[in-house]
Every structure is written in structure tokens, then in C-alpha cells.
Amino acid sequence: MISALGIAAFDPTGPLAPWSFTRREPGPTDVQIEILYCGVCHSDLHTVRGEWGDITYPQIPGHEIVGRVSAVGASVTRHQVGDLVGVGCMVDSCRECDPCKRGLEQYCDEGNTGTYGGTESQTGRPTQGGYSSTIVVDQSFVLRVPPSLDLAGVAPLLCAGITTWSPLREWKVGPGSRVGVVGLGGLGHMAVKLARALGAHVVVLTTSASKAEDAYRLGAHEVVVSRDEEAMRALRKSLHVIIDTVGAPHDLNEEMRLLALDGTLVLLGGSPEPHPSPGAFTFITQRRRLAGSLIGSIAETQEMLDFCGEHGIMSDIELIRADQINEAYERMLKSDVKYRFVIDMATLTPASSAPASP
Ligand code: NAP
Ligand code: ZN
Ligand code: ZN
């Protein structure tokens with residue numbers, strides 16, 4: 001076993017704190033990665049607080065991982081020691097079911113193996129995420145990171161980037177598309193950058209008027225404060241695709257009405273409570289659709305990373321020390337993220353003890 005250090009949750013309500021644990025030794029097809037940076041996704045918070053169901057504690061979250069390969073198994077062909085690589089939200093899947101065979105591992109019939117909160121097929125132990133010093137992952141789930149980009153800004157591409165890229169591609173966003181992005185947080189700001197780079201006209205819908213200036217800087221053509229009823233009415237029937245990143249229950253009727261004929265509202269947010277169901281006429285009158293999307297496949301993730309490398313796209317981040325993670329969670333709950341927290345893993349030492357040990 002390999003000794004490792006992480007920042008773990010020990011129960012649903014207490015603070016995260018340093019925890020020494022072990023990783024498996026790399027098997028023949030495994031890659032061991034020294035983690036340099038890990039982004040902080042709202043899913044981490046939902047998970048460790050038990051909002052998506054019971055989990056095993058201690059639990060180390062984190063699925064926006066960038067690091068350097070420090071060891072490879074004997075049969076590894078895709079990566080070499082010293083390579084800069086990334087790991088996103090999943091580390092394995094059954095590889096035999098229909099979605100897996102179609103290269104859509106995220107929709108594996110058996111459930112993909114989450115980077116944290118899953119069960120390691122190799123050991124039967126719980127998977128532990130990227131707020132940690134090192135990780136061991138099968139080579140098929142390890143991505144190549146474009147060397148031209150700042151590594152800390154790349155980390156959030158591994159979840160926020162791919163989760164917004166996948167629906168933009170699935171619903172064929174490009175020149176001539178009018179795309180709405182609801183919620184300007186980690187996912188939302190990546191949706192703005194990616195939709196803009198794909199050539200779309202981008203409209204940000206936010207609850208935070210104070211984010212308008214940033215939204216324009218990130219690439220939005222228009223910004224609407226969603227509580228402004230008049231501005232919302234003026235937008236009706238104008239958008240082809242809406243990417244909704246809000247992870248809390250909210251009224252979808254008004255968003256549906258913003259869709260043009262045949263438009264699609266894609267839900268990405270993992271609200272623990274259901275949204276009130278939109279009325280039938282919001283669908284019927286313009287043949288509108290309501291959809292969802294889960295992260296993205298490994299192939300799509302590589303495509304997105306390569307696209308970001310070519311276009312110089314990274315996340316706007318706030319780099320934090322390991323001992324600032326609890327403060328970051330509190331700010332995330334207040335929609336106060338500009339626009340992704342990323343942990344500098346070099347600051348993770350046993351002595352860096354996070355506030356109040358459990
Ligand atoms: P985030 O950084 O916290 O951003 C969410 C944004 O939504 C906020 O900044 C805020 O933007 C807006 N918002 C409005 N009302 C809110 C409320 N009551 N509570 C929270 N946010 C509110 O979160 P994120 O990391 O982008 O993740 C967003 C959601 O997507 C989470 O539920 C996460 O679990 C989920 N997710 C899903 C997938 C997937 O595969 N589908 C992948 C990753 C994450 P404004 O200030 O602009 O209104
Ligand atoms: Zn995530
Ligand atoms: Zn499968």
C-alpha cells in the first residue's frame with residue numbers, strides 16, 4: 001500500500017480535516033499521479049454533507065485533478081512517468097454494457113465508478129478523491145493535459161468543463177446558436193467560455209446582479225438578472241439551448257418560456273430536492289424539450305481538453321490552501337465563487353491541519 005494524505009469529511013456536518021490513508025499499489029494498467037491541483041465542485045459539498053444519500057466516512061472529495069505521473073504499471077502504454085495528466089469524475093466502469101461499448105462510460109449500466117464515493121473494483125475499498133497527495137487510476141481513465149495551459153486553471157475543466165461541453169456538443173451548439181446559461185458559478189462560467197468559443201450568442205441568467213461585469217468579461221453577449229420579470233419576458237422564445245447549472249430547487253416555467261421552437265432546457269444541477277414540474281403548455285406550445293446530462297465520456301473529455309488547449313481556455317480560479325477548504329464551502333453556499341476554488345496541493349501537509357480536527 002502507498003501512504004497518502006488527504007482532506008476528508010468525517011461526518012455530514014463537521015469540517016473537513018487532514019487524514020492519512022493508503023492507496024493501492026499500481027497494478028499492471030494503473031498510473032500513479034502526484035496531485036498538484038484539485039478543483040472544488042459543488043458536487044463535493046452535496047456528497048460529503050449526505051445530500052445525495054448516505055456515504056462512507058471518512059470521505060475525501062475532489063474530482064478535478066491535475067498532476068504528474070509518478071509511476072506506471074508494466075502494461076501501461078498511454079502515459080509515462082513525468083507526464084502532466086488529469087482525472088475527472090470517474091475512475092472506472094464495467095466496460096461491457098451498451099453505454100460503455102458506445103464510449104459513454106458515464107452512463108454505464110452498472111454505474112460508473114466515481115473518483116470518490118464509489119467502490120474500487122481492484123480492492124473493494126471505497127474510492128477516495130483528489131483533495132489528496134496522490135492517486136492511482138487505471139490508464140483508460142487518465143487524460144492528457146495540454147502543456148500550454150496554466151495547470152491550476154486546467155483542473156476545473158475535468159468536471160465543470162466537460163459537464164458543460166458535453167451538452168453543448170450533444171445539442172450542436174455553434175455559430176447561429178443562441179445559448180442561455182443559468183447560474184454563474186463553476187459550471188456556468190465554463191459554459192459561457194465554451195459556448196462563446198464554439199461561436200454561439202451567449203446569454204447569462206443570474207441571481208447575482210453583481211456578477212454582470214464578470215459575465216461580459218467571460219464572454220457573455222447579454223446578461224439578465226433572472227428576478228427582473230420584464231427582462232425575462234423580453235427574452236421569451238429566443239434561446240435554442242439553455243444550460244441550467246443551479247443545484248437547488250427553482251421554478252423552471254420561466255426558463256422553458258425562454259426557449260424558441262424546438263429548444264432544449266438541459267438540467268445539470270444536482271438539486272437534492274425536486275424542482276416544481278413545469279406546466280404542459282410550456283412544452284406543447286413550442287415543441288420544447290427538457291433534458292439532463294451527466295459529466296461526459298473519456299473521449300469527449302480529451303476532445304474538450306484539446307479544444308481548450310487550442311483556444312487558450314481555462315477556468316477563472318481562486319487558488320486556496322488546503323486549510324481554507326471549509327471557508328471555500330461556506331462561500332460556495334452563498335454563490336460567492338469567482339469562479340472556481342482550486343486547492344494548491346503543495347499546501348497539504350500533516351502540519352497544515354485544517355481548523356478544528358473532528
Ligand atoms: P457553484 O459553483 O456553486 O455554482 C452554482 C451557481 O448557481 C451559483 O453560483 C449561483 O449563480 C446559482 N444559484 C442560484 N441559486 C442558487 C442556490 N439556491 N443554490 C446554489 N446555487 C444557486 O456550483 P457548480 O460547481 O457550478 O455546480 C452546480 C450544480 O451542478 C451542483 O448541483 C453540482 O452538484 C452539479 N453538477 C452536476 C454535474 C453533472 O454531471 N450534471 C457535474 C458537476 C456538477 P448566480 O449567482 O449566477 O445565480
Ligand atoms: Zn464536479
Ligand atoms: Zn458499463
Donor-acceptor check, side chain of Arg68 to backbone of Gly82, threshold 3.5 angstrom: yes or no?
yes
Atom CD of Glu254 and atom CG of Leu235: how far apart are they, to the nearest 0.5 Å?
9.5 Å
Taking Arg196 for its side chain and Val202 for its backbone only, find out whether a donor-acceptor pair lies under 3.5 Å.
no
Within the side chain of Gln128, is there an N or O that forms a donor-acceptor pair under 3.5 Å with the backbone of Pro58?
yes
Say whether, by atom type as modelled, one donor and one acceptor occur between the side chain of Asn253 and the main chain of Pro278 under 3.5 angstrom.
no
Using the side-chain contact (heavy atoms from CB on, under 4.5 Å) rule, take Glu170 and Val266 through it: C-alpha gap first, then chi angles, then the decisive distance, then the call.
CA-CA 11 Å; Glu170 176 65 24; Val266 189; over 6 Å; no
Intermediate values then yes/no, side-chain contact (heavy atoms from CB on, under 4.5 Å), Glu25 and Asp30
CA-CA 9 Å; Glu25 291 285 346; Asp30 282 337; over 6 Å; no
Between Glu222 and Arg178, is there a salt bridge with N-O shorter than 4.0 Å?
yes
Asp344 (side chain) donor-acceptor with Ala346 (main chain) under 3.5 angstrom
yes
Give the minimum heavy-atom separation between Lys211 and Ser335, together with the two atoms involved.
NZ-O, 3.0 Å
Using 0.5 Å steps for rounding, measure from the CG atom of Leu157 to the CE atom of Met190.
5.0 Å
Residue pair Pro61 / Tyr329, side-chain heavy-atom distance below 4.5 Å:
yes
Whether over 12 other heavy atoms sit under 6.0 Å from Gln80 CD:
no
Please examine the side chains of Leu205 and Leu258, heavy atoms only from C-beta on, and report whether any two atoms are closer than 4.5 Å.
yes
So Tyr116 and Ile55, do their side chains get closer than 4.5 Å, heavy atoms only?
no
Salt bridge (Lys or Arg N to Asp or Glu O under 4.0 Å), that's the test. Do Arg288 and Glu255 meet it? Break it down for me.
CA-CA 11 Å; Arg288 295 173 175 123; Glu255 281 172 38; over 6 Å; no
Can you classify the ring geometry of His46 versus His42 as parallel (below 30°), tilted (30 to 60°) or perpendicular (above 60°)?
tilted
Could you go step by step and tell me if Leu187 and Arg340 meet the side-chain contact (heavy atoms from CB on, under 4.5 Å) rule?
CA-CA 9 Å; Leu187 266 56; Arg340 198 58 141 187; 3.9 Å; yes
Restricting to non-hydrogen atoms, name the atom on Ala9 and the atom on Val48 that form the minimum distance, rounded to 0.1 Å.
CB-CB, 3.7 Å
Report yes or no: does His189 contribute a side-chain atom to a donor-acceptor pair with the main-chain N or O of Asp316 at less than 3.5 Å?
yes
Asn112 versus Ser93, side-chain donor and acceptor atoms under 3.5 Å:
no
Has Thr245 got a side-chain atom pairing as donor or acceptor with Val182's backbone, closer than 3.5 angstrom?
yes
So which atom in Pro26 and which in Ile2 form the shortest heavy-atom distance, rounded to 0.1 Å?
CD-CD1, 3.7 Å
How far apart are the C-alpha atoms of Arg217 and Asp214, what are their side-chain angles, what is the distance that settles it, and do they pass the salt bridge (Lys or Arg N to Asp or Glu O under 4.0 Å) test?
CA-CA 5 Å; Arg217 181 178 51 77; Asp214 283 349; 3.4 Å; yes
Quick check on Arg236: does its CZ atom have over 12 non-hydrogen neighbours (other residues, nucleotides or ligands) under 6.0 Å away?
yes
Counting only heavy atoms not in Arg227, do more than 12 fall under 6.0 Å of its CZ?
no
Over all atoms of both residues, closest heavy-atom pair of Phe307 and Ile313
CE2-CD1, 3.8 Å
Are Leu305 and Val154 close enough that some pair of their side-chain heavy atoms sits under 4.5 Å apart?
yes
Is the ring pair His275/His250 parallel, tilted or perpendicular, if the boundaries are 30 and 60 degrees?
perpendicular
So how far is it from Ile320 CD1 to Cys38 SG, rounded to the nearest 0.5 Å?
10.0 Å
Rounded to the nearest 0.5 Å, what's the gap from CZ on Phe341 to CZ on Arg331? Could you check?
3.5 Å
Check the surroundings of atom CZ in Arg144: do more than 12 heavy atoms from other residues, nucleotides or ligands lie under 6.0 Å from it?
no
Closest heavy-atom pair and its distance - Val72, His79
CG1-O, 3.6 Å
Backbone N or O of Thr206 within a donor-acceptor pair of the Ser226 side chain at under 3.5 Å?
yes
Ignoring hydrogens, what is the shortest heavy-atom contact between Ser140 and Arg95? Give both atom names and the distance.
OG-NH1, 3.5 Å
Any side chain to side chain donor-acceptor pair (under 3.5 Å) pairs touching residues 294-303, not counting sequence neighbours?
Trp165-Glu303, Ser166-Glu300, Arg169-Glu303, Gln302-Asp306
4.5 Å side-chain heavy-atom contact, Glu120 and Thr113:
no
Main-chain N/O of Ile343 paired with Tyr131 side-chain donor or acceptor, under 3.5 Å:
no
Spacing of CG belonging to Leu265 relative to CZ belonging to Phe283, to within rounding of 0.5 Å:
8.0 Å
Taking side chain as C-beta onward, heavy atoms only, is Leu218 less than 4.5 Å from Leu184?
yes
Spatial distance of atom OG1 (Thr115) from atom CG (Asp92) [nearest 0.5 Å]
10.0 Å
Side chain of Glu64, backbone of Ala160: donor and acceptor closer than 3.5 Å?
yes
Run the side-chain contact (heavy atoms from CB on, under 4.5 Å) test on Leu259 and Gln286 for me, step by step, so that the C-alpha distance in whole Å, both residues' side-chain angles and the decisive distance to 0.1 Å come before the verdict.
CA-CA 8 Å; Leu259 291 172; Gln286 295 289 317; over 6 Å; no
Please indicate whether Asp262 has more than 12 foreign heavy atoms, meaning atoms of other residues, nucleotides or ligands, lying under 6.0 Å from its CG.
yes
For a 4.5 angstrom cut-off between non-hydrogen side-chain atoms, does Cys89 reach Ile162?
no
